[in-house]
Amino acid sequence: MKVEPFALERFFARHEFSARHVLCASDCETFSLGELLAMDPGAAEAFSALRLGYTETAGNPDLRLEIASLYEGISADDILVFAGAEEAIFVFMNAVLKAGDHLIVQTPCYQSLSAVAAAAGCRVTRWETSVGQGWVLDADWLDGQVTDSTRAVVVNFPHNPSGYLLQADRFERITAIARRSGLFLFSDEVYRFLEYKTENRLPAACEIYENGVSLGVMSKAFGLAGLRLGWVACRNHEVLRAMAELKDYTTICTAAPSEFLSLLALRHRKKILERNLAIIGSNLEYLDAFFETQRRFFTWQRPQAGPVAFPAVTFAGNSDDFCAELMQTYGVLLLPGRLFAAEPRHFRIGFGRRDFRQGLDKISEYMKKYI
Ligand SMILES: Cc1ncc(COP(=O)(O)O)c(C=O)c1O
């Protein structure tokens, strides 16, 4: 299998740890180990006594129970744990799909959602969305694309990079099309729980559809990317069995310390999510004010959920030079839109971290040259 280089991850590998201000991250502010352990009396002692042998391949039973409680009508048996969302994507595409299968993928997207299946010999149809159409997915279009060889539809809400959240009735329509044609609905929900208005939260695909595969992770809403712990929730146990069998060839099981800390964090998720939503909310206000003063130079569509947005420059044909100059002069890292194979004027900005304002102030300084 030869998969094309992951443009966004290669870009991060080059710049993430040398940039002074990482202003395009998609994860929320993290925690130190000490902060996390302090959330539960006795956790530090229990962590220190943790045995470091292999763990259960499906994931620690208590952790799977806690993950299941994030959903309605889902039990621990419906959960399979992975080393990050990325492993789960790789394993689903290779274990459940086969060469020649057709899948339809919402784009722009996190590259692995389309690239892994393409490398496995699947035929991938891009379900294009754009800022001009408000990132809306057209279910009628989807209906027209389904053929006898179509096996899966891949969606991502809240959406990376736009922060777009589909309306529930549209999501139900997509689910109905998948059900009628017997398709898997692979639903990347890694930014779930970061809706600015809770009432806008979509149901998880696994809740409303027996062949829905919901992807979750500790990295984004919970700010714990370093744990490398993700999962899928799915009521179709054939899917879970096939994925578990391939996982035996990737990681076998996840790291015991990560499982321990994920369980701890999920038990305290209310506090963690409240903190992260507060950081996002105050950074977004600051960002709104920035774009208000810079209206001549950018187009800005306020996201509805998550820690990222996808604005565009209007003073150049693409965002490449803008991003490159900002990195060179101020050490501010933004993500050029072309890394999403999307409209080149766009760039991804991330506002889930506490040091966001300092980075944005540098962009304000840089923009003075245009005034
Ligand atoms: C939409 C989406 N899915 C999956 C992932 C992978 O998550 P992780 O790095 O936690 O495995 C990312 C990471 O940026 C993402 O944005």
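Counting starts at 1 for both ligands and their atoms, in listed order.
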**Message:** Heavy-atom distances under 4.0 Å decide this one: backbone, side chain, both or neither, for Ser26 against ligand 1?
**Reply:** side chain
**Request:** Would you kindly specify which portion of Met218 sits under 4.0 Å from ligand 1, judged on non-hydrogen atoms: side chain, backbone, both or neither?
**Result:** neither
**Prompt:** Under 6.0 Å between the ring centres of Phe310 and Tyr164?
**Reply:** no
**Item:** Non-hydrogen atoms of Pro203 and Ile208 that approach each other most closely
**Value:** CB-CG2, 3.7 Å
**Centroid separation Phe322 to Phe298 less than 6.0 Å** = yes
**Item:** NZ or CZ of Arg296 within 45° of Tyr370 ring axis and under 6.0 Å
**Value:** no
**Prompt:** Arg269 and Glu66: salt bridge (Lys or Arg N to Asp or Glu O under 4.0 Å), yes or no, with the steps?
**Reply:** CA-CA 10 Å; Arg269 60 182 177 263; Glu66 196 64 35; 3.0 Å; yes
**Complete:** Heavy-atom nearest pair, Ile252 first then Thr57, reads O-OG1, 2.7 Å
**Request:** For residues Leu23 and Leu360, report the shortest heavy-atom separation together with the two atoms involved.
**Result:** CD2-N, 3.7 Å
**Message:** Within the 4.0 Å heavy-atom shell around Gly84, which atoms of ligand 1 are there?
**Reply:** 11 (O)
**Prompt:** For ligand 1, is there an N or O atom under 3.5 Å from any N or O atom of Glu9?
**Reply:** no
**Request:** Just jot down the ligand 1 atoms closer than 4.0 angstrom to any heavy atom of Tyr191, in number order.
**Result:** 1 (C), 14 (O), 15 (C), 16 (O)
**Complete:** Among non-hydrogen protein atoms, atom 5 (C) of ligand 1 lies closest to Tyr110 CE2, 3.4 Å
**Asked** To which protein heavy atom is atom 10 (O) of ligand 1 closest, and what is the distance rounded to 0.1 Å?
**Response** Ser219 OG, 2.5 Å
**Asked** Does ligand 1 have a heavy atom under 4.0 Å from the side chain of Glu87, from its backbone, from both, or from neither?
**Response** neither
**Prompt:** Which residue and non-hydrogen atom of the protein lie closest to atom 14 (O) of ligand 1, and at what distance in Å?
**Reply:** Lys220 NZ, 2.6 Å
**Fill in**
The atoms of ligand 1 lying under 4.0 Å from a heavy atom of Val217, numbered in the order shown, are 10 (O)
**Proximity winner for atom 2 (C) of ligand 1, if only heavy atoms of Leu8, Ile89, Leu224, Asp188 are counted** = Asp188
**Complete:** Candidates Glu86, Arg228, Glu189; heavy atom nearest atom 9 (O) of ligand 1 found on Arg228
**Message:** If you measure every N or O of Asn156 against every N or O of ligand 1, does any of those distances drop under 3.5 Å?
**Reply:** no
**Prompt:** Between Glu35 and Arg275, is there a salt bridge with N-O shorter than 4.0 Å?
**Reply:** no
**Asked** Between Trp231 and Phe222, what is the ring plane arrangement, given parallel below 30°, perpendicular above 60°, and tilted in between?
**Response** tilted
**Request:** Before accepting this row, confirm whether a basic side-chain N of the pair Arg353/Asp27 lies closer than 4.0 Å to the acidic partner's carboxylate O.
**Result:** yes
**Request:** Measure the distances from the heavy atoms of His159 to every atom of ligand 1 and state whether one is below 4.0 angstrom.
**Result:** no
**Any N or O of Ala85 closer than 3.5 Å to N or O of ligand 1** = yes
